[in-house]
Amino acid sequence: SDKKFPPLSVTMQGIVPRLETAAKTDDGDNRKKVCVGDYTINSRSDRKGSSGLSSLEGSVSLISIVITPRNIEGKFVHHLLRSQPFQEEFYRYGKGIVADLWSTNYSAMKNILLPIPTLQEQRMIAEFLDRETGKIDRLVEKQERMMVLLKEKRQAVISHAVTKGLDPNAPMKDSGIEWLGEIPEHWALCQFRRLIRKLEQGWSPVADNRPIEEGECGVLKLSAIKKGIFIPTEAKALSAEVVVDPRLKIHNGDVLFTRGNTPDLVGDVAYVEGLDDEHLLFSDLVYRVSCFSALDSRYLTMWLVSTAGRFPIKCDARGTSMTMAKISQEHIKSWRVVFPPIKEQEAIVKYLKTETVKIDNLIAKSEQAIELMKERRTALISAAVTGKIDVRGFQGLENNLVGETV
């Protein structure tokens, strides 16, 4: 029995203590023992890249293959078997009945031929890759921290604008709401039910899990609604036999609100713009909100994205399983919204569009930089473990890596 050994997870980052998100069973006997220095790889094709040399003692699920390196440098094995060429070869040997999911057995894995240099060169390659991938990983961490700060700044800019306004000298008054604090004296505060003209729920017809082709209609995925931004490409094509109800078609200027999702994502909102035609429907897990003229739809979107706007959403999210929390129409109608006169709403929307675009561009640049660094890391490992670059006497080669490994 391996019950006494702590459970481990096999991840893209290597072997770690079992993640909270990992599937858990009571069958502790049905696991594989892992010792320090063992190499473990997840055999399922949808877990490609989940592997590594273990620095921990524990146990893993039966879906993983556990190997003890012999007559070979363990740290070299870690890089070699995590390299892209090996991963592609490993899963090529897999078998399964599902088109996009198969597993590779050790009986097939042991037939894979490996390029093995001398022990001395194995150690040199491992030391080189430890050092160089460490540099890249630190740069990636810096960019990821930068992205977190940028997203926090975006949220703060929106939240300040829709609760305090753009005039720093405006007289303030107590809102009477503890979590909201002071608001400009001339702003109004009232329940949504007095501002919403119509609140509609969508419909989820039979849809194919494929992109929409020209001339087809589609139903939105929840991923189409993201922090105020509408992403029309996130949709599934409707089956040809489905009769489309024209009342469910989305129009430019609509405000869409997710009524069901995970607790962090439920109540996400988007303002619809940029649609060339009306070929998309909103689904059963989405509300469409129409406002009276006192409330600008774009301003409402920004309010629901703000920290103040999300506070009641987090309080009211309900569900038997908190992996899928839901918001009712009565919840929405009971929420309170702070808003200035319509002209000031329009000015705030214009200001926020300019400011959030600047921040979003910086976030996109960080994402691109991270992607390039990860590609560089992958190329570096593949080149080193397959002998495409000679790491003996390495000095300054990282500056020329891209050109040498294309």
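Note that these values count all heavy atoms, side chains included, but never hydrogens, waters or copies made by symmetry.
Not counting sequence neighbours, Y39 has no partner by the ring pair (Phe, Tyr, Trp, His ring centres under 6.0 Å) test. Applying the side-chain hydrogen bond (donor to acceptor under 3.5 Å, both in side chains) rule to Q122 yields no partners; only residues at least two apart in sequence or on another chain are considered. Residues meeting the side-chain contact (heavy atoms from CB on, under 4.5 Å) test with E371, sequence neighbours left out: E375. With sequence neighbours left out, the side-chain contact (heavy atoms from CB on, under 4.5 Å) criterion links V16 to S9, T11, L19. Take W187 and apply the ring pair (Phe, Tyr, Trp, His ring centres under 6.0 Å) test, not counting sequence neighbours, and it matches no residue. With sequence neighbours left out, S223 forms a side-chain hydrogen bond (donor to acceptor under 3.5 Å, both in side chains) with E234. Remark: H79 pairs with D130 by the side-chain hydrogen bond (donor to acceptor under 3.5 Å, both in side chains) rule, at least two apart or across chains. For F311, the ring pair (Phe, Tyr, Trp, His ring centres under 6.0 Å) criterion is met by W179, not counting sequence neighbours. A270 meets the side-chain contact (heavy atoms from CB on, under 4.5 Å) test with I225, F230; sequence neighbours excluded.
With hydrogens and angles left out, the side-chain atoms of S366 and Q143 include a donor and acceptor closer than 3.5 Å. Side-chain contact annotation: S306 with S159, donor-acceptor N/O pair under 3.5 Å absent.
Legend: salt bridge (Lys or Arg N to Asp or Glu O under 4.0 Å) pairs involving residues 49-67, not counting sequence neighbours: none detected.
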Side-chain donor-acceptor contacts of residues 63-74 below 3.5 Å, not counting sequence neighbours, with atom names and distances?
from	atom 1	to	atom 2	distance (Å)
T68	OG1	D38	OD1	2.9
E73	OE1	R123	NE	3.1

Exercise answer: donor-acceptor pairs, residues 354-362 side-chain atoms, under 3.5 Å, sequence neighbours excluded:
from	atom 1	to	atom 2	distance (Å)
T354	OG1	K350	O	3.2
E355	OE2	K358	NZ	3.3
T356	OG1	L352	O	2.6
T356	OG1	K353	O	3.4
D360	OD1	R154	NE	2.8
D360	OD2	R154	NH2	3.4
N361	ND2	V357	O	3.3

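The minimum heavy-atom distance between S54 and L8, with the atom names listed, is OG-CD1, 4.3 Å. Of all heavy-atom pairs spanning V266 and A317, the tightest one is CG1-CB, 4.0 Å.
At a threshold of 4.5 Å between non-hydrogen side-chain atoms, the residues I348 and P340 count as touching. Residues L256 and Y287 form no side-chain contact, since every pair of their non-hydrogen atoms from C-beta on lies 4.5 Å or further apart.
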